[in-house]
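Side-chain atoms are counted along with the backbone in the values below, which use heavy atoms only and exclude waters and symmetry mates. Computed from a predicted structure; not experimentally measured.
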Amino acid sequence: MFDTVPLDCISNILLWNSILRAHNKNEEFQRTLRLYDRMRGFRVFPDGFTFPLVIRMDFATKVFDRMLVRTHISWNTMVSGFSLSYDCDSGFKIFRRMKLEGFEPNTVTWTSLLSSHARCRRFEH
């Protein structure tokens, strides 16, 4: 498919996100990850909309660990994803890792972390 796409379109993150979204919607999660890797091979950097497209938590950690540049959006997406998966422990681990790597939690981080603890019924921590 990419052989026929003009070179200036290959660097268009909107194009990549659209294709990733289509694979994700069709539950083609392995293809989504392969496409993400291919995108990175073309030196196209994900934006705040890319990461949630590959957010199945079993794959999300692999994708997250491959990211060269992380932002509050990617960190918060991970915390929120674990929260939505009722995986309070992993959410807290990623929160601690975020702080260790020099990112200060923002209001979204705290909201996601509190939501995670509420979902897991951990009111005393």
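- Heavy atoms only, all atoms of each residue included: Pro46 and Arg40 are closest at CD-CD, 3.9 Å.
- For the residue pair Asn76 and Thr109, a side-chain donor N or O sits within less than 3.5 Å of a side-chain acceptor on the partner.
- Considering only residues two or more places apart in sequence or on other chains, Asp37 meets the side-chain hydrogen bond (donor to acceptor under 3.5 Å, both in side chains) condition with Arg66.
- Between atom OG1 of residue Thr61 and atom NZ of residue Lys93 there is a gap of 10.0 Å, rounded to the nearest 0.5 Å.
- If you take SG on Cys88 and CG on Leu113, they are separated by 7.0 Å, rounding to the nearest 0.5 Å.
- Atom CG of Leu20 sits about 9.5 Å away from atom CG of Leu15, to the nearest 0.5 Å.
- When ring centroids are compared, Trp75 and Phe95 stay outside the 6.0 Å threshold.
- Taking CD of Gln30 as the start and CG of Leu35 as the end, the distance is 13.0 Å to the nearest 0.5 Å.
- You'll find the side chain of Trp16 reaches within 4.5 Å of the side chain of Arg38, heavy atoms only.
- Using a 4.5 Å cut-off on side-chain heavy atoms (C-beta onward), Ser112 and Met78 make no contact.
- Proximity of a side-chain donor or acceptor of His72 to a complementary backbone N or O of Glu104 within less than 3.5 Å is detected.
- Among residues two or more places apart in sequence or in another chain, the side-chain hydrogen bond (donor to acceptor under 3.5 Å, both in side chains) test is passed with Arg70 by Glu101.
- Minimum interatomic distance between Met98 and Pro105 (heavy atoms only, all atoms of both residues): CE-CA, 3.8 Å.
- Grouped with Leu114 in a hydrophobic cluster is no other residue, since no side-chain heavy-atom contact under 4.5 Å to another Ile, Leu, Val, Met, Phe, Trp or Tyr is found.
- Here the CZ atom belonging to Arg97 is positioned 5.0 Å from the CZ atom belonging to Phe64, to the nearest 0.5 angstrom.
- The side-chain hydrogen bond (donor to acceptor under 3.5 Å, both in side chains) test applied to Asn26 returns no partner, not counting sequence neighbours.
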Going through the distances and angles, do Val63 and Tyr36 end up as a side-chain contact (heavy atoms from CB on, under 4.5 Å)?
CA-CA 8 Å; Val63 172; Tyr36 176 83; 3.6 Å; yes

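- Proximity of His23 to Phe29: side-chain heavy atoms (C-beta onward) are nowhere separated by under 4.5 Å.
- Listed by chain and residue number, nothing satisfies the salt bridge (charged side-chain N to carboxylate O under 4.0 Å, His left out) test with Arg34 (two or more places apart in sequence, or in another chain).
- With contacts defined as side-chain heavy-atom distances shorter than 4.5 Å, the pair Thr32/Arg21 does not qualify.
- Asp87 is linked by a side-chain hydrogen bond (donor to acceptor under 3.5 Å, both in side chains) to Ser90, counting only residues two or more places apart in sequence or in another chain.
- No continuous path of ILVMFWY side-chain contacts below 4.5 Å connects Met67 to Ile73, so the two sit in separate hydrophobic clusters.
- Rounding to the nearest 0.5 Å gives a distance of 8.0 Å between OG of Ser18 and CG of Asn12.
- Side-chain contact check for Lys99 versus Arg96: every heavy-atom pair is 4.5 Å or farther apart.
- When side chains are defined from C-beta on, Phe82 does not count as touching Phe92, because their heavy atoms never get closer than 4.5 Å.
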